[in-house]
Structures are given as C-alpha cells and as structure tokens.
Amino acid sequence: MDEHTFTHNFSNHKRTHKTYLCYEVEILHGDSGIPPDEDKGFLCNKGTDQPGLPCHVELYLLGRIRSWKLDRKLHCRLTCFISWTPCGTCARELAEFLKENSHVSLCIFASRIYSLNDYEAGLRTLQEAGAQIAIMTFKEFRHCWETFVDHQGRPFQPWDELDINSQGLSKELQAILQTRQN
DNA sequence: ATTTTCAAT
C-alpha cells in the first residue's frame, strides 16, 4: 500500500468513501497450508465507481479466508486493521463465520466507527460471536505503517489529533459494546 | 465536481 493511500484512508479524523482492510494470519501450531504470500495483505471494497456489484471489504476477506482451506484442527488467529468498523450486515456475516469456524479467532482494530443504520447491534453481535473489537491507537497505526505501507524507510508520522480522536472513538465503542442487547 | 460514513448528488 502506498503512503498516501494509508494516510488518507486510515486517518481517524476523515470520512472516506472507501474502506481498506489490512490483515495478518497466524496459525498456532503446525503447518498452515496458507501460501506464503497470503499470510498478510490488504484489501479494499468495491464501490459504485467500479464495474459490477458493489461489495464491502469484509466479504472479500471472508472469500479470501475460505480460499485458504484452513485446517480445522489448527487454530487460526486473524488480526484485521480496518479503516471503518463493519456495517451491521457485514458484522453479522463475520459473526456467522466465526460461529461456523470455531478454529478461527478474529481481532479487529478499526480507525473509525461506521455509524449508519443498525451498526451498533451489528457490532454487539460480532463481539458476542467472540470477536475482539477495538479502536486503533498510535501503536496499531505505526504497526500498519511498518507492516503494510511501502514507506521507503520513512518512520510513521502521526497526524494531529491522532491520540485524542482515538481515545474519543474508544470511549464511543466501549459504550456501544457495553450496552445490553434487548 | 463536491461533499454527504464501504456515496450520493
């Protein structure tokens, strides 16, 4: 991923019309069976500006995971860094996947909270399915920069308000996740 | 082209 794509899409004070997702796969014990170049990578949604039906990035991620044909006997830990939290529909899709694939655990760090429609219930459903959901902090932004960005040796430069935005969004997410479902 | 959260206007 180039520097501008990362900075533009992951800055936590912007509202972009694209969603990027960086992922890392870790197989605990044994040979993964994952092609070596697919243990980490990034994806982007397909919007209405591209041919074909639009598709949220989470569905591409599920497609990619399924293509790996993971060994159900081995535990797989998947960590995602995503510029927007999943929408309600995608959150339920991910939750369903986790229920059907108990050998996969999912940890999501999001830059911003996508807050349209039934996003709150969706995030709670995803959490109840076992996913860890948190807001990206400086540590995660720097990790993504170092891991996924073609940074040409340049260190991660935080933008203004990174920390304060992250803290505010974390409180907001905590409030959502701690609300009891009815 | 602008703005309006995985675009919509």
Side-chain angles (χ1 to χ4, degrees), chain A residues 1-25 38 40-67 78-98 104 106-129 131-138 140-141 143-145 147-150 158-179 181:
Chain A
M1 181 183 302
D2 67 61
E3 293 183 13
H4 175 263
T5 299
F6 177 77
T7 305
H8 180 255
N9 285 281
F10 278 88
S11 292
N12 58 10
H13 58 88
K14 291 182 179 175
R15 294 174 177 179
T16 61
H17 291 295
K18 290 288 179 189
T19 301
Y20 279 82
L21 184 155
C22 303
Y23 64 85
E24 291 179 286
V25 186
E38 286 197 80
K40 74 180 67 160
F42 70 92
L43 298 162
C44 181
N45 72 298
K46 186 167 79 172
T48 53
D49 55 335
Q50 291 165 275
L53 293 173
C55 182
H56 281 192
V57 69
E58 294 86 339
L59 301 186
Y60 287 130
L61 176 70
L62 288 177
R64 186 160 291 193
I65 297 169
R66 291 189 172 110
S67 77
L78 182 61
T79 304
C80 292
F81 305 92
I82 186 168
S83 54
W84 286 110
T85 52
C87 73
T89 301
C90 288
R92 286 188 291 276
E93 287 283 336
L94 291 169
E96 193 62 31
F97 176 84
L98 291 177
V104 178
L106 177 62
C107 188
I108 294 176
F109 292 96
S111 174
R112 303 174 301 262
I113 300 173
Y114 182 81
S115 48
L116 291 179
N117 304 319
D118 56 347
Y119 74 104
E120 293 171 299
L123 291 174
R124 286 191 287 264
T125 299
L126 183 51
Q127 176 181 245
E128 285 169 9
Q132 306 269 29
I133 313 172
I135 295 297
M136 291 175 75
T137 66
F138 175 83
E140 283 78 40
F141 288 120
H143 173 74
C144 280
W145 175 270
T147 306
F148 300 100
V149 177
D150 181 19
W159 49 87
D160 290 344
E161 316 281 290
L162 183 156
D163 290 328
I164 194 76
N165 289 335
S166 176
Q167 289 161 18
L169 289 164
S170 289
K171 286 185 72 171
E172 190 179 333
L173 180 64
Q174 286 311 308
I176 292 166
L177 295 178
Q178 285 167 12
T179 300
Q181 301 264 38

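Chain A is the first sequence line, chain B the second, and so forth, proteins listed ahead of strands; every chain is numbered from 1.
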Practice problem: Measure the distance from CD on A/Glu172 to C1' on B/dT5 and round it to the nearest whole Å. | Solution: 12 Å
Self-check item: Residues, nucleotides or ligands: over 12 heavy atoms within 6.0 Å of A/Leu53 CG
Solution: no
Quiz item: Please give, in whole Å, the distance from B/dT5 C1' to A/Glu58 CD?
Solution: 13 Å
Exercise. Figure out the NE2/P separation between A/His8 and B/dC6, and round it to whole Å.
Key: 13 Å
Exercise. Please report, rounded to the nearest Å, how far the P atom of B/dC6 is from the CG atom of A/Leu21.
Key: 15 Å
Quiz prompt | Touch class at under 4.0 angstrom, heavy-atom based, for A/Ser115 against every strand present | solution = base
Practice problem: Anything under 30° is parallel, anything over 60° is perpendicular, the rest tilted; go ahead and classify A/Tyr20 against A/Phe42. | Solution: tilted
Quiz item: Do the side-chain N and O atoms of A/Thr125 and A/Glu128 include a donor-acceptor pair separated by under 3.5 angstrom?
Solution: no
Practice problem: Could you let me know what B/dT5 is paired to, Watson-Crick or G-U wobble, both distances under 3.5 Å, or none if it's on its own? | Solution: none
Practice problem: Taking only the side-chain nitrogens and oxygens of A/Asn117, find out if one of them lies under 4.0 Å from OP1 or OP2 of B/dT5. | Solution: no
Exercise. Return the value, rounded to whole Å, for the distance between atom CZ of A/Arg15 and atom C1' of B/dA8.
Key: 15 Å
Practice problem: Could you tell me whether A/Thr16 contacts a base, only the sugar-phosphate backbone, or nothing, with contacts defined as non-hydrogen atoms closer than 4.0 Å? | Solution: sugar-phosphate
Exercise. In whole angstrom, give the distance that lies between atom CZ of A/Phe81 and atom P of B/dC6.
Key: 22 Å
Quiz item: Using the benzene-type ring in the case of Trp, are the ring centres of A/Phe141 and A/Trp159 under 6.0 Å apart?
Solution: yes
Self-check item: Between B/dC6 (C1') and A/Trp84 (CH2): distance, integer Å
Solution: 9 Å
Practice problem: Measure the distance from NE2 on A/His56 to P on B/dT5 and round it to the nearest whole Å. | Solution: 14 Å
Exercise. May I ask you to say what A/Ser111 touches in the nucleic acid, namely base, sugar-phosphate or nothing, with a heavy-atom cut-off under 4.0 Å?
Key: nothing
